[in-house]
*Asks:* 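Got a structure here, written out as structure tokens. Questions coming.
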Amino acid sequence: MLLNLFKVDGRLAPRRVLAAISLASVAMLVFGLYLQHYLDLNPCPMCIVQRYALILVAVFAALASARGAKGWWMGWTVLAVVASGFGAF
């Protein structure tokens with residue numbers, strides 16, 4: 001049922017999925033900053049590196065969802081996947 005939000009004409013719409021990925025990345029960053037500044041939980045060095053990767057994923061996914069041209073969103077999606085691997089080392 002939730003998957004139907006991402007469908008257009010019965011097919012999965014990559015722009016909507018990429019926009020949702022960008023929004024989820026920003027939400028995770030905001031939650032991490034909330035934990036750090038309001039609940040006084042200090043992040044470990046790995047968490048800080050993961051934040052950098054989440055920023056890159058959010059930016060790349062947002063850029064990928066900005067235009068409908070296939071080459072445009074495919075290129076930015078590849079960069080988002082590479083950036084997500086950077087945060088998983």
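Everything numeric in this text was worked out from a predicted model, so none of it was measured. Start at 1 with the first residue, then count along the sequence.
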*Asks:* Other members of the hydrophobic cluster containing V26, with the 4.5 Å side-chain heavy-atom rule, please.
*Replies:* V30
*Asks:* For residues 66-89, which side-chain donor-acceptor pairs fall under 3.5 Å, sequence neighbours excluded?
*Replies:*
{"from": "W72", "atom 1": "NE1", "to": "L63", "atom 2": "O", "distance (Å)": "2.6"}
{"from": "T77", "atom 1": "OG1", "to": "W73", "atom 2": "O", "distance (Å)": "2.5"}
{"from": "S84", "atom 1": "OG", "to": "V81", "atom 2": "O", "distance (Å)": "2.6"}

*Asks:* Under a 3.5 Å distance rule, please check whether S22 uses its side chain to pair with a backbone N or O of L18 as donor and acceptor.
*Replies:* no
*Asks:* List, one per line, each side-chain donor-acceptor pair under 3.5 Å for residues 38-62, sequence neighbours excluded.
*Replies:*
{"from": "R51", "atom 1": "NH1", "to": "Q36", "atom 2": "OE1", "distance (Å)": "2.5"}
{"from": "R51", "atom 1": "NH2", "to": "G32", "atom 2": "O", "distance (Å)": "3.1"}
{"from": "R51", "atom 1": "NH2", "to": "Q36", "atom 2": "OE1", "distance (Å)": "3.4"}

